[in-house]
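Report on the structure given below.
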Amino acid sequence: MDNILYGQFTLSKGRVAAPSNFCLHHCNDWQLHTHPGLPVHDLLDPQGTRIGFILGFIFTDGQLLFRPSSILFPHVADLDDGYIEQRLREMGGRYLLLILPKEPGIPLAYPDPFSSLSSVYSSALGILSSTTSMLCYREGCKTAYPLDVYPSGVSNQFYPAGMTDIEGCHRLLPNHRLDLKTWQTTRFWPREALAPDPKTEVDRHVNNAVERLRGNLLAAQATGLGMYSPLTAGRDSRAILACASPEVRADTRYVTLRFHSGAYKHKKDLHISRLLARRHHLNHEIVSIQAASKDDQERYFYNVGRAGGAGKATKFYRTPLQSLDMNKIWLTGHGGAVAKRVYAKTVDRCYRPTAASLLARAGLPQREDFLAGMERWLQSVPSHSSNELIADLFYMEMRLGGWACPHLYGTAPFRVNVIPFSDRRYIETCFALPYATRQSLRACARIIEKADSRLLDTPFERLTGGARIRHFLSLGRR
């Protein structure tokens, strides 16, 4: 099984097993094992003493840090919640902040805004790891991994509320920090109920969203690595394209997958992406799907720690591995939907969301352990939060942090895999937009309109012209 546990890590005080190719780092009493493909940035105090690490790929100060580096922080005694959270607000990307002071200091772990460098932890073992597979690494990598267990085999299934496939092991969700002494999590955003700003502020927030995305894309382009970006009929890839400056587009290859099925979704992705590429002179690459083998699927399921099914092994792993350059940056389109309110479409303002109703909204089983976990999560939401805010946080923390982002550990081993939308200031901007603007999908359209209004001349999510006619004629022949 090739590319096993790529870009993963484990942190502990005691000695733990790790693959032989992993690197070992020390900070006070802590040992950190990392895959060579995962950058480790030292946190240094003013005297040059290491006080922790940041793992991963960081957008900061107009740069994308993708090589190991050193980052200056104050003395541990001068660190407080306000300072740390302000530094986090200034960073985007796919990372995990680890503050590891000497005793009696409190060691802490903070995820990026989407928890896209996913992590799980076990208080019993005293270990923080990338996945449950890494956390339980004892006897080498699995050469066969069962695919007939939850959540594999059914689309869009995952473990909610920070739960995992192992009892007593929990996922660090977005907007929560982990105390590595007590192994308890605390919500750090939002600390109080959020309410949208008035309609008069929409233009300002849209401008801010464009600025954040444009800055992150310029930072990625400045690495000189070259980039791939998905191009579909949807809105998220269009927003990334809209915010890409001419020099960013010139350094980016826009990728569309060609599926062998005649499904409408696949037809419209090919049709719309070709229109966009032709009209806007894009470097467009259509990649034919390469079916994943059983070994690919087992490897994928193992690498994501059963956070989701193995069905995406074809799309995320085998196809790009065989067709694309692994030395480039892959810009993942996850997270743009924080502007669209996916789970809020059917919010009834008269009834408070319950554990059961939220599970139903996500299409998840009404399992007893799932219901109990969701009750605990609801207690973490700020008091007086609106039903709309609860639905938005549920999407961000469960579907993104608990399902979509752990899948990044199963993807092909690109030099950098990062989400331009994973930016605290972008998220704050989206949450500040009026509900009506986000609910109707107008927020994405406004972002695209502000960044490059020409892209709205091409429709979303539907075939046009002769392609549309041919599709419906084919339905009539069946």
(request) For Tyr150 and Pro365, work out which heavy atoms get closest and say how close. (result) OH-CD, 3.7 Å

(message) With a 4.0 Å cut-off on N to O distance, would you call Arg438 and Glu388 a salt bridge?
(response) no

(request) Could you tell me which non-hydrogen atom of Leu38 sits nearest to which non-hydrogen atom of Gln8, and how far apart they are? (result) CD2-O, 4.0 Å

(request) Decide yes or no for Ser118 and Leu408: does some side-chain heavy atom of the first lie under 4.5 Å from some side-chain heavy atom of the second? (result) no

(message) Quiz question: by atom type and distance under 3.5 Å, do the side chains of Arg177 and Tyr110 form a donor-acceptor pair?
(response) yes

(request) Could you check Leu98, Ile71, Thr60 and say which one makes a side chain to side chain contact (heavy atoms under 4.5 Å, CB included) with Ile54? (result) Ile71

(request) Could you pull out the closest heavy-atom pair between Asn156 and Phe158, with the gap in Å? (result) O-CD2, 3.9 Å

(message) Testing the basics here: between Asp269 and Thr256, what is the closest heavy-atom pair and its distance to 0.1 Å?
(response) O-CG2, 3.9 Å

(message) Looking at Arg446 and Asp203, is there a salt bridge between them, counting it only when a charged N and a carboxylate O are closer than 4.0 Å?
(response) yes

(message) In the structure I gave you, are the side-chain heavy atoms of Leu400 and His334 within less than 4.5 Å of one another anywhere?
(response) yes

(message) So, applying side chain to side chain contact (heavy atoms under 4.5 Å, CB included) with Leu97, which one of Asp112, Ile84, Leu55 is it?
(response) Ile84

(request) Would you indicate whether Asn21, at its atom CG, is surrounded by more than 12 heavy atoms from other residues, nucleotides or ligands within a distance under 6.0 Å? (result) yes

